[in-house]
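Read through the structure below, which is laid out as structure tokens, and then see the notes.
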Protein chains: 2
Amino acid sequence: MSDPVIRLLLADDQALVRGALAALLNLERDLEVVAEVGSGDEVLPAVLEHRPDVALLDVEMPGMDGIAATALVRAKAPGTRVLIVTTFGRPGFLRRALQAGAHGFVVKDTPAAELADAVRKVHRGLRVVDPQLATDSLVAGESPLTPRETEVLRAARDGSTVAAISKRLFLSEGTVRNHLSAAIGKTGATTRAEAVLTAEGNGWL
Amino acid sequence: MSDPVIRLLLADDQALVRGALAALLNLERDLEVVAEVGSGDEVLPAVLEHRPDVALLDVEMPGMDGIAATALVRAKAPGTRVLIVTTFGRPGFLRRALQAGAHGFVVKDTPAAELADAVRKVHRGLRVVDPQLATDSLVAGESPLTPRETEVLRAARDGSTVAAISKRLFLSEGTVRNHLSAAIGKTGATTRAEAVLTAEGNGWL
DNA sequence: CAGCCGCCCTGACAGATGTCATGGCACCGA
DNA sequence: TCGGTGCCATGACATCTGTCAGGGCGGCTG
């Protein structure tokens with residue numbers, strides 16, 4: 001054993017939740033929160049400065065999201081392991097997080113008592129993944145949408161019209177409609193709005 | 001002073017957040033979490049059993065939402081004060097929470113250190129309201145949508161077609177279209193989907 | 001009570017949306 | 001090299017959507 005205390009970094013945009021998690025984890029003898037940040041962009045600088053053993057990252061954050069931050073941490077600070085702690089158990093998030101090099105993935109529905117254990121396991125080099133979510137991820141699979149389709153569907157999220165989307169992406173209206181139609185078909189939806197919802201639910205956007 | 005210790009109930013659907021908040025609040029000498037629940041429906045029974053001084057309720061919960069739970073607690077257990085602790089600073093939420101009899105309203109962006117103070121203030125009978133949110137609430141104002149319009153717009157949230165909505169609500173398609181059109185106009189939107197987004201953002205649904 | 005106002009309901013019509021058939025282009029294996 | 005495959009792009013056409021004008025009903029006020 002190198003150091004008896006596991007040093008942690010916490011990243012979550014909600015200050016209250018962040019502070020509460022810090023309080024929870026600091027209760028444990030062998031855990032110590034050494035840094036807290038509120039946006040994805042601050043993660044890497046803080047990691048480089050404090051060199052924590054484990055970084056707990058939320059996925060939804062202002063600036064860079066937790067997945068991108070994970071990849072960056074893995075590349076620039078390989079000594080720090082990453083545990084994703086997120087609100088939404090979107091299947092796609094899990095897959096992308098693992099691909100980005102995350103060591104663990106925990107949703108905020110899990111009992112508070114298990115978090116410390118998850119941290120310890122990740123620190124020991126084990127993978128921690130919510131089992132329910134793992135099966136969902138297999139079921140949902142990778143995104144069936146092509147790059148263009150995702151782009152167009154993402155542009156349709158705010159309820160824009162075809163005309164607006166086509167201008168924003170420099171495409172013909174017919175093309176936009178076609179991509180949307182394809183996305184609707186692949187998501188098993190009937191409407192653009194429905195397609196957006198299921199795609200978001202699967203973490204495909 | 002009656003009792004030196006303020007007894008608390010925590011209601012939040014995310015177990016991890018709930019447990020973390022409990023840890024945070026239990027650090028304070030004069031605060032004690034005596035009950036935790038994970039859904040709106042469990043709030044009233046737990047309040048009646050434990051008779052906490054202050055109940056901290058989330059708005060987004062399975063079953064009954066935090067606003068409805070607030071009204072119920074105020075009616076059936078007037079000795080318990082209610083502090084809403086929520087993720088989303090939707091202007092409409094604040095207004096509705098206060099109308100339901102909540103004593104305080106805190107968003108999860110606020111620093112963790114302030115939560116304990118908010119609890120103490122609420123316990124002393126003071127109102128605690130996020131100032132930023134209060135002004136937003138005044139700007140956004142009450143929902144301009146009529147009951148029928150809200151109902152139809154709510155039914156359109158999942159991306160249903162007019163035909164589906166009309167069947168679900170036993171209305172003519174023309175009527176549904178008309179209500180949607182009115183909602184679109186009142187929200188300043190151009191599309192049904194856009195109207196849904198802004199209405200949700202203001203807490204009108 | 002008459003008039004007015006707001007809400008609800010409905011059908012008709014122009015414009016936006018989703019589907020389909022078609023073609024160009026790059027990449028890959030035979 | 002050539003056929004096959006997948007992605008992107010586009011226009012035409014049927015369908016759906018949003019707007020508008022209109023009528024019925026209940027409550028409020030002068």
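Throughout, a chain's letter reflects where its sequence line sits, starting with A, and its residues are numbered from 1. Predicted model, so just to flag it, every value in this text is computed and none were measured. Quick note: numbers below take in every heavy atom, side chains included, and nothing from hydrogens, waters or symmetry partners.
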**Prompt:** Just one of A:Leu25, A:Val106, A:Leu9 clears the side chain to side chain contact (heavy atoms under 4.5 Å, CB included) bar with A:Leu56, so which one?
**Reply:** A:Leu25
What is the distance from [atom1] of [X] to [atom2] of [N], rounded to the nearest Å?
| X | N | atom1 | atom2 | result |
| --- | --- | --- | --- | --- |
| B:Glu151 | C:dC7 | CD | P | 15 Å |
| B:Ile184 | C:dG15 | CD1 | P | 17 Å |
| A:Leu180 | D:dT15 | CG | P | 20 Å |
| B:Arg177 | D:dT15 | CZ | P | 14 Å |

**Asked** Distance from A:Thr187 atom OG1 to A:Leu153 atom CG, nearest 0.5 Å?
**Response**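 The OG1 atom of A:Thr187 sits 7.0 Å away from the CG atom of A:Leu153.
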**Prompt:** Ignoring hydrogens and geometry, is there a side-chain-to-backbone donor-acceptor pair from A:Ser160 to A:Ala156 under 3.5 Å?
**Reply:** no
**Message:** Surrounding NZ of A:Lys186 (heavy atoms of other residues, nucleotides or ligands, distance under 6.0 Å), is the total greater than 12?
**Reply:**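 Result for NZ/A:Lys186: enclosed.
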**Asked** Taking all non-hydrogen atoms of both residues, which atom of A:Phe93 and which atom of A:Phe88 are closest, and how far apart?
**Response**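 Nearest heavy atoms, A:Phe93 then A:Phe88: CD1-O, 3.9 Å.
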**Request:** Taking the side chain as every heavy atom from C-beta outward, state whether B:Val122 and B:Leu126 have any pair of such atoms under 4.5 Å apart.
**Result:** no
**Prompt:** Do B:Val85 and B:Asp58 have side chains that get closer than 4.5 Å, going by heavy atoms?
**Reply:** no
Restricting both atoms to N or O, compile the protein contacts to nucleotides 7-10 of chain D shorter than 3.5 Å, with distance only.
residue	atom	partner	partner atom	Å
D:dC8	OP1	A:Arg148	N	3.2
D:dC8	OP2	A:Thr146	OG1	2.5
D:dA9	OP1	A:Arg148	NH2	3.1
D:dA9	OP2	A:Arg148	NE	2.8
D:dA9	OP2	A:His179	NE2	3.4
D:dA9	N6	A:Asn178	ND2	3.2
D:dT10	OP2	A:Ser172	N	2.9
D:dT10	OP2	A:Thr175	OG1	2.9
D:dT10	O4	A:Asn178	ND2	2.8

**Message:** Taking the axis from the first five pairs and the axis from the last five, what angle separates them in the helix from C:dC1-D:dG30 to C:dA30-D:dT1, rounded to 10 degrees?
**Reply:** 20°
**Prompt:** Could you give all pairs that pass the side-chain hydrogen bond (donor to acceptor under 3.5 Å, both in side chains) test and reach residues 78-89 of chain B, with sequence neighbours left out?
**Reply:** B:Glu60-B:Thr86
**Prompt:** Base, sugar-phosphate alone, or nothing: which one does B:Thr161 contact when heavy atoms must sit under 4.0 Å apart?
**Reply:** sugar-phosphate
**Request:** Compare side-chain N and O positions of A:Arg192 against OP1 and OP2 of C:dT17 and report whether any pair is under 4.0 Å apart.
**Result:**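 So the side chain of A:Arg192 is within the cut-off, an N or O lying under 4.0 Å from OP1 or OP2 of C:dT17.
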